[in-house]
Amino acid sequence: GAPDEGAPVRSTSSLTSWGTAGELSASLGSFGHPHLCERICTYAAVGRCLSGTDCRYCHIPHSGRQPHLDKRHRSMIQSMSFELRAEVILPILEQKARENDFGPSCDALLALISNEAREARGAQAGPSKLLGKRGLVRVMSAMSFYNVLRHMLSGPSLPQALSSDETLIYIESMRVHAASLAGDSDSATQRLSLSLSLNSF
């Protein structure tokens, strides 16, 4: 059920919690809903997803229209170096982590991003001046943790330690933690072990 990027899908529910064990088994992409799940499956939203529980996109309704970056903001991120992306985006991720229980893997991943950015920055002093930063931060602050993280790790000059294969392990561990909070850790671990071999960040 691959969605159209930024498609306005309206929810029939106002779910804002981790969800119940039954909801978390809705699809592979639903684990960690709403903070760590994949983008909304537009086919499931209209009852036409043929992938069912194997779908890599989220089948659980989200509240309202999901915020997304416009073309200008996406171009801005793609033009940023890794260390500049960390300067702008890492504080947003850290704030979201403080507000939610994503488990120790989240803390480890954010620390890794911070350390890699510090090494890449080297002796460069002071914060960078970025035109349009305020609007970018405002939109990203309303996005889910996972979607913000995707943008953090999707631009140029990404360190090898944060490659998709490496970061996926952290993300799947966070999703298992989320499922355990919802009382579905056993089935979540089994399904996410399968998704590790099939999914990509």
Side-chain angles (χ1 to χ4, degrees), residues 1-3 17-19 21 23-41 51 53-60 62 77-78 80-121 140 143-201:
S17 65
W18 286 112
E23 288 162 349
L24 283 168
S25 62
S27 67
L28 280 175
S30 300
F31 284 106
H33 178 87
H35 305 288
L36 300 168
C37 57
E38 297 285 348
R39 290 172 291 172
I40 297 170
C41 175
S51 298
T53 58
D54 292 326
C55 181
R56 304 304 156 78
Y57 297 91
C58 187
H59 282 198
I60 303 175
H62 290 245
I77 289 177
Q78 289 301 313
M80 293 179 184
S81 64
F82 167 72
E83 56 268 30
L84 181 53
R85 293 199 308 279
E87 180 184 314
V88 174
I89 300 176
L90 185 57
I92 301 173
L93 292 169
E94 291 173 336
Q95 177 63 33
K96 290 181 179 296
R98 284 192 293 269
E99 294 171 352
N100 299 278
D101 180 4
F102 296 143
S105 291
C106 177
D107 297 335
L109 178 57
L110 295 185
L112 178 59
I113 293 173
S114 179
N115 291 337
E116 291 292 331
R118 189 179 304 111
E119 288 188 14
R121 191 178 303 113
M140 297 194 88
M143 296 168 64
S144 72
F145 179 92
Y146 177 67
N147 282 328
V148 175
L149 182 63
R150 285 179 59 245
H151 288 295
M152 173 71 234
L153 302 176
S154 65
S157 63
L158 189 69
Q160 180 60 36
L162 292 168
S163 67
S164 59
D165 288 342
E166 296 295 330
T167 54
L168 183 59
I169 296 173
Y170 288 100
I171 294 163
E172 298 298 354
S173 180
M174 283 186 260
R175 287 171 172 163
V176 169
H177 179 77
S180 69
L181 293 180
D184 196 26
S185 56
D186 291 340
S187 62
T189 301
Q190 293 173 1
R191 292 187 66 81
L192 289 172
S193 295
L194 172 64
S195 76
L196 273 170
S197 63
L198 302 173
N199 213 341
S200 61
F201 182 60

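Index from 1, following the sequence.
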Q: Provide the closest heavy-atom pair for I77 versus H151 in the form atom of the first, atom of the second, distance.
A: CG2-O, 3.8 Å
Q: Please report the C-alpha distance between L112 and Y170 in whole Å, then the side-chain angles of each, then the deciding distance to 0.1 Å, and finally whether the side chain to side chain contact (heavy atoms under 4.5 Å, CB included) criterion is met.
A: CA-CA 11 Å; L112 178 59; Y170 288 100; 3.9 Å; yes
Q: Mind listing the closest non-hydrogen atom pair of E116 and A161 along with its distance?
A: OE2-CB, 3.6 Å
Q. Just by distance, do the side chain of S157 and the backbone of F82 share a donor-acceptor pair under 3.5 Å?
A. yes
Q | Heavy-atom closest contact (P156 atom, M80 atom, distance) | A | CG-O, 3.3 Å
Q) Do you know the tightest heavy-atom contact between P34 and S144? A) O-CB, 3.7 Å
Q) Q160: what forms a side chain to side chain donor-acceptor pair (under 3.5 Å) with it, not counting sequence neighbours? A) none
Q) If you measure from OG on S105 to CG on L110, what distance do you get to the nearest 0.5 Å? A) 10.5 Å
Q: Could you give me the CA-CA distance, side-chain angles and deciding distance for F145 and C106, then say whether side chain to side chain contact (heavy atoms under 4.5 Å, CB included) is met?
A: CA-CA 10 Å; F145 179 92; C106 177; 3.7 Å; yes
Q. Just how far is it from atom CG of L158 to atom CZ of R85, taken to the nearest 0.5 Å?
A. 6.0 Å
Q. When rounded to the nearest 0.5 angstrom, what distance separates NE2 in H177 from CE in M174?
A. 10.5 Å
Q.
Under a plain distance cut-off of 3.5 Å, with no hydrogens placed, do S51 and D54 share a side-chain donor-acceptor pair?
A. no
Q.
Between E99 and K96, does any side-chain N to carboxylate O distance fall below 4.0 Å?
A. no
Q | Euclidean distance, I60 CD1 relative to C41 SG, rounded to 0.5 Å | A | 12.0 Å
Q. Taking all atoms of both residues into account, what is the closest heavy-atom pair of A86 and A117, and its distance?
A. CB-CB, 3.5 Å
Q. Between F102 and H35, does a ring-ring contact (aromatic ring centres under 6.0 Å, His included) hold up when you go through it step by step?
A. CA-CA 9 Å; F102 296 143; H35 305 288; 5.8 Å; yes
Q) Quick one: does L162's side chain get under 4.5 Å of I113's, heavy atoms only? A) yes
Q) Between H33 and H59, does the ring centroid distance fall short of 6.0 Å? A) no
Q.
For a 4.5 angstrom cut-off between non-hydrogen side-chain atoms, does L109 reach L93?
A. no
Q | Side-chain donor/acceptor of D101 to backbone N/O of G103, under 3.5 Å | A | yes
Q | Test item: side-chain donor near acceptor, R118 and S114, under 3.5 Å | A | yes
**Q.** Backbone N/O of G29 and side chain of R56: donor-acceptor pair under 3.5 Å
**A.** no
Q) Under 3.5 Å, is there a donor-acceptor pair between the side chain of S154 and the main chain of R150? A) yes
Q) Cation over ring, R175 on Y146, under 6.0 Å and within 45°? A) yes
**Q.** Of L153, L90, I89, the residue whose pairing with V148 passes side chain to side chain contact (heavy atoms under 4.5 Å, CB included)
**A.** I89
Q. Is there a side chain to side chain contact (heavy atoms under 4.5 Å, CB included) between L149 and T167 once you walk through the steps?
A. CA-CA 10 Å; L149 182 63; T167 54; over 6 Å; no
